Amino acid sequence: MCAKSLDKLKKIQKSHLCNRCGTCVGLSKCKIVFADKTGKYRPVVACEIDEELADTLLEACAGKDFSFPKYTELFYKDTEKFHTYIGPYTQISIGHSTDTEIRSKGASGGIISAVLIYLLESGKIDGVITLGMSKKEPWLTQAMIATSREEIIEAAQSKYIISSVNEILAVSSEFKGRLAYVGLPGQVQSIRKLQAMNHPSVANIEYIFGPFYGNTLHFSSIKSFLKTYKEKDYTQIEKLYFRHGEWPGNMRIELKSGRIIELKKFHANYLIPFHILKNSLYCSDLANEFTDISGGDAWAPVYEERGKGFSMIIGRSVKGQHIIDEMVKKGLLVANPISEDEAIEMHSHGYDLKKRGTFIRIKIRKFFGKSVPDYGYKVEGFTFGRVLMELIISTMFVFLGTSLARWFIERFSPEFVGNIFEKTRTRWKKSTHNIKRNKLN
Ligand SMILES: Cc1cc2nc3c(=O)[nH]c(=O)nc-3n(C[C@H](O)[C@H](O)[C@H](O)COP(=O)(O)OP(=O)(O)OC[C@H]3O[C@@H](n4cnc5c(N)ncnc54)[C@H](O)[C@@H]3O)c2cc1C
């Protein structure tokens, strides 16, 4: 056994560097397991691992390091445009699927699902690695291989609890046929590392897609949400949605008793500071920079007022952009190009969080002697005001993540807290407008 690699891996697994992507679980064929998915959701080494495997798992782990410049160079040689915040790209557009079912079932414009269905139905792929809800434990997510339009639509929408898509590598590597893959930035980065290593587990992955990524939450968010509605047993959940109904949608829980609990997505955001996975705060990739196509919400009043669902679509690789162009030509997709500046303005809040906040938080973490991720680049030169703002936010996250703060907030109705949260957030966004946009471009 290679004590060195295995020890390093175990340290990462126990720290905030672990993004729970699931690669170490999938590739170890269950020698590493997620012991407690409704708890801390940490990978744990369950039986002896040989030296070669430990080395591979450590190399494939994107939690400790992922060189953005190196992998941009490797995978996007033919992509002409690049911005530090956005990553490599060919075209940025605002749009949606023209299929009303896909659009309404998708998280925003149904772009990702539409692309997947198009690739499948045109014979360019044979299956899709995607994230659905578990049939056996419907309160948990589960990675799956979808091979039909129905399965892709069933797995649509964003899931805001920790999910480990790459666990599926144990199964997907045996799949006979070409696959598309959908994942969050940390998961995608690990897939890119495996591709660079020429690892057989990813040899059948032809396309990589993924949503933008602000943050994800511990399962405690679901337990806490239920508690506020006086429901204590999460195993009574029959269906769990995070973006149900018209865009931007509602968090919705259907219980075995027939009771339905629903809360506006913007109000359910109150759960974020209490249950955020701390690794989200050390991830510097908002726009899923290492995909072929990535998609986010088109957050702008002009689209939000219209409802129905609008996405920001980033065609990155040449083959990714080619799919978008083909689908637009065939009338399957609406994709109206926008400029780099417009794209940054639309997500300036998120870019501030990921491209500035993350690097300040990394510095703070390093100051306390903790291990930090190495992304092969740094964003530096922040104003005193911005650093101070980050110190306040980081302190707030530590305080609100305690059991006492969670217990306290559970005494109030989520509608009430959500409303206050939305108003405070809007006020905070306005009051920090200048700090955040200062030199953002
Ligand atoms: C955890 C999380 C955080 C996000 N944060 C932001 C944000 O800050 N700003 C923003 O603009 N957009 C964010 N998004 C993206 C946004 O919610 C939509 O997913 C995106 O706009 C694509 O919409 P769509 O209708 O094209 O996707 P859909 O057609 O609904 O397809 C979504 C695809 O993503 C897969 N998927 C869903 N959840 C996960 C997950 N947790 N892990 C891996 N795969 C998943 C689904 O299985 C499906 O294949 C986030 C998404 C997630 C999952």
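As the structure lists them, so they are numbered: ligands from 1, and atoms in each ligand from 1. Bear in mind the structure is a predicted one, so any value in this text is a computation, not a measurement.
Ligand 1 has no nitrogen or oxygen under 3.5 angstrom from a nitrogen or oxygen of Lys105. Considering both main-chain and side-chain atoms, Ala156 never comes within under 3.5 Å of ligand 1 through any nitrogen or oxygen pair. Residue Thr130 has at least one N or O atom closer than 3.5 Å to an N or O atom of ligand 1. Looking at Val165 next to ligand 1, no N or O pair under 3.5 Å apart turns up. Residue contacts with ligand 1: Ser108 is placed with a nitrogen or oxygen under 3.5 Å of a nitrogen or oxygen of the ligand (distance criterion only). For ligand 1, the polar-atom distance check finds no N/O of Leu286 at less than 3.5 Å from any of the ligand's N/O atoms. At a 3.5 angstrom cut-off on N or O pairs, Phe212 counts as close to ligand 1. Considering backbone and side-chain N/O atoms, Ile161 never comes within less than 3.5 Å of an N/O atom of ligand 1. Of the polar atoms of Ala107, at least one N or O is found under 3.5 Å from an N or O of ligand 1, judged by distance alone. Among the atoms of Gly106, none of the N or O lies under 3.5 angstrom from an N or O of ligand 1.
Contacts with ligand 1 closer than 4.0 Å are made by backbone heavy atoms (N, CA, C, O) of Gln157 only, the side chain lying farther away. Contact annotation for Phe209 and ligand 1: no heavy atom of the residue comes within less than 4.0 Å of the ligand. Counting heavy atoms closer than 4.0 Å to ligand 1, residue Leu131 contributes atoms from both its backbone and its side chain. Contacts between Asn215 and ligand 1, counted as non-hydrogen atom pairs separated by less than 4.0 Å, involve the backbone only.
No option in Ile102, Thr98, Ile324, Asp325 other than Ile324 meets the side chain to side chain contact (heavy atoms under 4.5 Å, CB included) test with Leu333. In summary, of the residues considered (Ile272, Leu353, Thr216), a side chain to side chain contact (heavy atoms under 4.5 Å, CB included) with Ser280 occurs for Thr216 alone.
The ligand atoms of ligand 1 that sit less than 4.0 angstrom from a heavy atom of Gly109 are 25 (O). Applying the 4.0 Å criterion to heavy atoms of Ser113 picks out, from ligand 1, the atoms 28 (P), 29 (O), 31 (O). Residue contact check: Gly214 has heavy atoms under 4.0 Å from atoms 3 (C), 4 (C), 5 (N), 6 (C), 7 (C), 8 (O) of ligand 1. The ligand atoms of ligand 1 that sit less than 4.0 angstrom from a heavy atom of Ile111 are 24 (P), 25 (O), 26 (O). Numbered from 1 in the order shown, with element, the atoms of ligand 1 that lie under 4.0 Å from a heavy atom of Gln187 read 42 (N), 43 (C).
Put simply, the side chain of Lys193 gets close to the backbone of Glu59: a donor and an acceptor are under 3.5 Å apart.
Aromatic ring centres of Tyr303 and Phe310 lie closer together than 6.0 Å. A distance below 6.0 Å separates the ring centres of Tyr234 and Phe219. Taking the six-membered ring for Trp and the full ring otherwise, Tyr89 and Tyr76 have centroids separated by 6.0 Å or more.
Here Lys40 does not pair with Asp36 in a salt bridge; the nearest charged N to carboxylate O distance is not below 4.0 Å. Under 4.0 Å is where a charged nitrogen must lie from a carboxylate oxygen, and between Arg149 and Glu101 at least one such pair does. Between Arg252 and Glu262 a salt bridge is recorded (basic side-chain N to carboxylate O distance below 4.0 Å). No salt bridge links Glu390 with Lys363; every basic N to acidic carboxylate O contact stays at or beyond 4.0 Å.
Annotation: Phe399, atom CZ; neighbour count of heavy atoms from other residues, nucleotides and ligands within 6.0 Å does not exceed 12.
Of the candidates Ser97, Cys21, Ser158, Ser158 brings a heavy atom nearest to atom 19 (O) of ligand 1. Which of Ala155, Ser164, Pro211 comes nearest to atom 47 (O) of ligand 1 through a heavy atom is settled by distance: it is Ala155.
Judged by the shortest distance from any of its heavy atoms, Arg243 lies inside the 4.0 Å radius around the atoms of ligand 1.
Scored by the side-chain contact (heavy atoms from CB on, under 4.5 Å) test, Ala35 finds Val44 as partners (sequence neighbours excluded).
Under the 4.5 Å side-chain criterion, counting only non-hydrogen atoms from C-beta, Phe359 is in contact with Ser284.
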